[in-house]
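The block underneath contains the structure these notes are about, expressed in structure tokens.
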Amino acid sequence: MTNEAPLIEVKNLKKYFGEKGGLFQRNVSVVKAVDDVSFQIHRGETFGLVGESGSGKSTIGKSILRLQSITEGEVLFDGKDVHKLSNAEMRNLRPKIQFIFQDPYSSLNPRIRVGDAIGEALLDHGLCEKHEVASKVKEVLEICGLSEYHMNRYPHEFSGGQRQRIGIARAIILQPEFIVADEPVSALDVSIQAQIINLFSKLQRDRNITFLFISHDLSVVEHLCSRIGVLYLGTMMELGSREQLYSNPLHPYTKALLSAVPIPDPTLKRERIILKGDIPNPANPPSGCKFHTRCPFATERCKVEVPEFKEVESGRFVACHLV
Amino acid sequence: MESSAVTLEKNKKLPRSSSLWRQIARRFLQNKMSLIGLAFLIFIILFSFIGPFFSPYVNLGVDPTNINQSPSAQHWLGTDKLGRDVLTRLMLAGRISLLVGLGAMVMSVVIGGVLGIISGFYRGIVDQIIMRIADVLMTLPGLPLLFIMAAILSEWKVPTEYRIYIVMLMLSIVGWPGLARLVRSQILSLSERQFMQATEALGLRDTRKLFKHLLPNIIPLLIVSGTLSVGGAILSESTLSFFGLGVVPPDASWGNMITSANSLLDFQKRPWLWVPPGLAIFLTVISINLLGDGLRDAIDPNMRRR
């Protein structure tokens, strides 16, 4: 790891939903979508965030870009707390931090032609002259594997994969330093997924963009990410480099996840860890270690005591009593 | 891939998808019922606005020698109790009824649209205030409210030529809350769509979010509900005028022409006095509704199936 300051630093991030009960202050159960999560993303790296649905991955992504308020904690971008900026400062920061949405169908306005959708932010932020917009749009369309031929069409005339390319083009035209990609391939079918993943690798190579890549697909994350965090019910369970995590998972949850990744070789036999039950209701999470209800190795201690998220080797953190 | 930006200037003719409006027009033209509605509406408009130029009775007005004539070659729809030609009055009344309907619609769409957008977009306290006012207006029954407003206006002795504008205003006061709620809910649901979150992530200005992203998405809704509300406004105006509270004589409106049906003698013996304006209201409102339905189906083909 380099010693330079991280580009993104998330400190004790908490996001609780349903705190105040509207007009009459009813007691509504609180869902702790993100509960005390901390991590850093270094310049130029791709950080992967994995977890089941409902584990708080997207909430973290949106909180980092302030697309959502947070309950507690800090998100530092280049040393500045994103959630403490004024609206004007935030607007100036927006072009540098971009978001790629999960659903390519609803993330494009059906009434705006694709070329306008990609170019409008440039104009709105005054980042280039009006007559340059078309050529810039063309440039990013080509980077993303489309052509100027598509500029005057409406989103509904494109396939899911093409729309995701448009979403990516819209983000990179602003030349951001940091992009949060929120499950950008999970809505696409597998052959298209590969193309989009290759597009991401190309962007990593050519543009030195820092990514936060959110996914529930461990094989996708392995392909793209240099460091990975594993979330369970809004809490970080394990964090480490790709090599550390994939060759030697320490947390039982990580082990179970990795054992579930399909391998395209039917002759290869391996031990699968089958988790019992479903992910617990996040409004009523288990006591102690949140994973103890499904952990094959759980002990009495796990039910009572919350494990500390401790560094076991350099850059490697695990929250488990057994490690 | 090698070609630079310069080539873009040369081949300006990129394929351009036909705009969504053109697609809407195409779907609209396939709908027979709404075309019938549109055709009849055009006929009524021509009848009311061009028709009087062909009538010899426009400037004649009252003719004591020719009262209560039944339909004849000179007076196709007969004359009323002051000897005025009913056909000519029907045309002139059409002008006023259509204008009042249209004016009331424009006013309630503007008021309701603007307030609805403000409520939905800015939310918070502004939303609360606007929506509570709308709630109050919606809980009061419309017709009695109109009667009370009209009665107050009669007390103030407003000159007759201004009365139609005041009727428009009254109708839009009753009409805007529904529209504002509709627009607000549409804005709220659009705001939850990912493309609106994307405008946030791109850091676009509020003006661009409003005018480029939200407005184009609610204009179809405004067109459809606006069109349908013209019919309602014409009906309300007729009701008010029938009771002598809307457009008052000597100005003619379809509503105050039907007033003659109030007298038993006219009702039984002189149907030419009240059947034509009644039919005119009925057919105009039906064609407006057909047109509105057709527009709705053309703009959002999914709505019909719901």
Side-chain angles (χ1 to χ4, degrees), chain A residues 62 65-68 87 90-118 120-125 131-132 134-139 142-143 147-157 167 170-171 173-174 179-180 182, chain B residues 1-24 122 124-125 127-128 131-132 186 189-221 223 299-302:
Chain A
K62 286 183 178 156
L65 294 196
R66 198 169 139 184
L67 294 176
Q68 198 167 53
N87 286 342
M90 194 61 213
R91 187 176 128 80
N92 289 333
L93 183 62
R94 286 279 179 211
K96 292 186 194 147
I97 52 174
Q98 279 302 306
F99 198 90
I100 291 168
F101 288 87
Q102 173 176 8
D103 182 1
Y105 294 92
S106 68
S107 58
L108 295 169
N109 191 329
R111 295 194 173 267
I112 294 185
R113 290 174 201 272
V114 164
D116 297 336
I118 297 172
E120 67 172 348
L122 276 180
L123 276 178
D124 200 63
H125 285 281
H131 60 90
E132 295 169 341
S135 65
K136 292 216 170 175
V137 169
K138 182 189 172 224
E139 191 186 315
E142 280 171 0
I143 290 170
S147 76
E148 61 174 327
Y149 180 79
H150 297 108
M151 272 172 60
N152 290 322
R153 297 188 176 269
Y154 284 100
H156 69 88
E157 298 172 85
R170 178 171 66 180
I173 197 170
L174 293 165
I179 292 181
V180 174
D182 185 5
Chain B
M1 289 294 275
E2 254 59 62
S3 60
S4 66
V6 190
T7 54
L8 198 70
E9 306 307 321
K10 276 185 274 169
N11 44 24
K12 263 273 183 250
K13 276 197 178 152
L14 299 174
R16 195 173 168 85
S17 312
S18 61
S19 84
L20 295 177
W21 293 111
R22 201 163 298 167
Q23 295 173 26
I24 287 168
Y122 291 104
I125 187 78
D127 179 28
Q128 289 290 325
M131 282 303 119
R132 292 303 79 81
Q186 187 78 4
S189 101
L190 285 171
S191 306
E192 291 306 309
R193 299 268 292 276
Q194 269 189 359
F195 66 78
M196 286 313 295
Q197 281 188 29
T199 63
E200 183 67 35
L202 291 168
L204 302 184
R205 289 193 183 90
D206 280 1
T207 46
R208 184 178 288 267
K209 285 188 209 165
L210 273 173
F211 294 108
K212 292 266 160 108
H213 288 263
L214 288 173
L215 204 59
N217 279 292
I218 59 160
I219 276 183
L221 177 87
I223 290 176
I299 283 167
D300 187 355
N302 300 322

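Here is the naming used below: chain letters follow the sequence lines, and residue numbers restart at 1 for every chain. The shown structure was predicted, so the numbers you read here are calculated from the model rather than taken from an experiment.
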Q) OH of B/Y122 to CG of B/D127: how many Å apart, nearest 0.5 Å? A) 13.0 Å

Side chain, backbone, both or neither: which part of [X] has a non-hydrogen atom closer than 4.5 Å to chain B?
X      : value
A/L93  : neither
A/P110 : both
A/K62  : side chain

(Q) Could you check whether A/E120 pairs with A/R170 (Lys NZ or Arg NE/NH1/NH2 to Asp/Glu carboxylate O, under 4.0 Å)? (A) no

**Q.** Leading residue by heavy atom contact count with chain B [cutoff under 4.5 Å; candidates A/H125, A/E139, A/Q102, A/H156]
**A.**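 Winner by heavy-atom pair count: A/H125.
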
Q. Top residue by heavy-atom pair count (under 4.5 Å) with chain B, among A/E132, A/M90, A/K136, A/R111?
A. A/R111

Does the [X] side chain pair with the main chain of [Y], one donor and one acceptor, at a distance under 3.5 Å?
X      : Y      : value
B/R193 : A/S106 : no
A/E157 : A/Y154 : yes
B/R205 : A/D124 : yes
A/R113 : A/H150 : no

Q) Among residues 208-215 of chain B, which residues come closer than 4.5 Å to chain A, judged by heavy atom distances? A)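 The residues closer than 4.5 Å to chain A, in numerical order, are B/R208, B/K212, B/H213.
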
Q: Would you mind telling me which of A/I112, A/L108, A/V137 makes a side chain to side chain contact (heavy atoms under 4.5 Å, CB included) with A/I118?
A: A/V137

Q: Apply salt bridge (Lys or Arg N to Asp or Glu O under 4.0 Å) to A/R91 and B/D206, showing your working.
A: CA-CA 11 Å; A/R91 187 176 128 80; B/D206 280 1; over 6 Å; no

